[in-house]
Amino acid sequence: MRGLATVPTYVVMQPTTLCNLDCAYCYLPFRAVDRRMPVPVAEAVAASVNPWARAGRFSVVWHGGEPLAAGREHLAALIAPFGPEVEHHVQTNATLIDDDWCRFFAEHRVRVSVSVDGPRERNGDRVGRGGRPAYDRIVRGVEALRRHGLPFSALAVVGRPEPGLATELYDYFLDLGPEVLGVNIEETEGVNTRDNSHDPAAVTAFWAELVAAWRRDPRIHLREVEWSLRYAAAVLDGTADDLLPRRLDPIPTVGHDGSVTVLSPELAGFTDPRYGDFSSGNVLVTSLAEILAGAEGTPWVGEFLTGVEACRTSCPYFGFCGGGHAANRYFELGRFDGTETEHCRNSKIRLLEGVLEHARDHRSPAA
Ligand code: SF4
């Protein structure tokens, strides 16, 4: 795996910077302001995306802010330029989902991923402006999805890994009913400067416990655990080198104003004296395809690729991880050519260690 691919597998779009919540761990700098994406930005993106989608599976992920805060009419106008081959997804806090939104999702074939951190008492960081807890509104939104028979995914943020939490979370999500669950250990990035360093043994034990909970009832696709198991199986059958893509997916994020930031949505909207605004171009001036063809020339991206090569030569976990996480490097290390971060320790190194710990603890006696 070397350099950036010029054709991504998905594009992240920011229909508005606004979020109706004010979660304590949010990284977004302008979430109190409604800066909406004009339709010509979506039209410009669609001009590149439609041919890619005709050639193979391709997704547009509507991410915010809170994408539903843009309103149904505006979101429909932004979706309209994309061809029928494009898969649409929203990443939402679910609080605005009602019957009308469910009909909208069905009509536009939008797949929904909701952010919920587990049972009520685990959602203390999820609050509205003024500090009112958001949990009841989140659950009402999920209930609307279920009422309409719409499948959904879920994303949970874990603030502090501790014994019992993984089982509690997995059991909660078995009841809630997502098809896919992603679990993120809270990250220090953007305007969230909270410390994300944890006792290594506690993080490893968290992941091992999550694998054990999942194996008892593997009804949900558990994203992190399935990645790890796929890697472990590839190591065992000698195909691990084939798992990483030949070139890194650039994962372009198109901001509300048409600016394109590759590799990390979390960098969009930030500026730095050394790196400027991190953008590689604007779709209102240059096509997305051309921007991506030249993205390796963006100064910070070159520095990041140097960091990936440093990971390749120094880290035994590179074959699993691929050395990604540009925003985590920047927000934790202040630059892009470093290697280990607390994020990669929490979410790659200790994840794999946790899966292996579970496997060691459950070896059959004959093994
Ligand atoms: S785990 Fe960390 S140090 Fe290792 S390859 Fe990934 S980002 Fe680099």
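For clarity, every value in this text was computed on a predicted model and none was experimentally measured. Whatever order the structure lists them in is the order used to number ligands and atoms, beginning at 1.
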Proximal ligand 1 atoms for E340, defined as those under 4.0 Å from one of its heavy atoms: 3 (S)
N20 CG to N93 CG distance, which is reported to the nearest 0.5 Å: 5.0 Å
Which residue and heavy atom of the protein sit nearest atom 6 (Fe) of ligand 1, plus the separation: C321 SG, 2.3 Å
Backbone or side-chain N/O/S of C344 under 2.8 Å of atom 2 (Fe) of ligand 1: yes
Numbered atoms and elements of ligand 1 in range of F318, under 4.0 angstrom, heavy atoms: 5 (S)
CD on E168 to CZ on F173, rounded to 0.5 Å: 10.5 Å
Nearest protein heavy atom with distance in Å, relative to atom 4 (Fe) of ligand 1: C315 SG, 2.3 Å
Rounded distance [0.5 Å steps], NE2 in H256 versus CG in D34: 10.0 Å
For C311, atoms of ligand 1 separated by under 4.0 Å from a heavy atom: 3 (S), 5 (S), 7 (S), 8 (Fe)
Sub-4.0 Å atoms of ligand 1 with respect to non-hydrogen atoms of I349: 1 (S)
Spacing of SG belonging to C344 relative to OH belonging to Y317, to within rounding of 0.5 Å: 10.5 Å
Near-ring test F336/Y275, centroid separation under 6.0 angstrom: yes
W101 six-ring centre to R72 NZ/CZ under 6.0 Å and within 45° of normal: yes
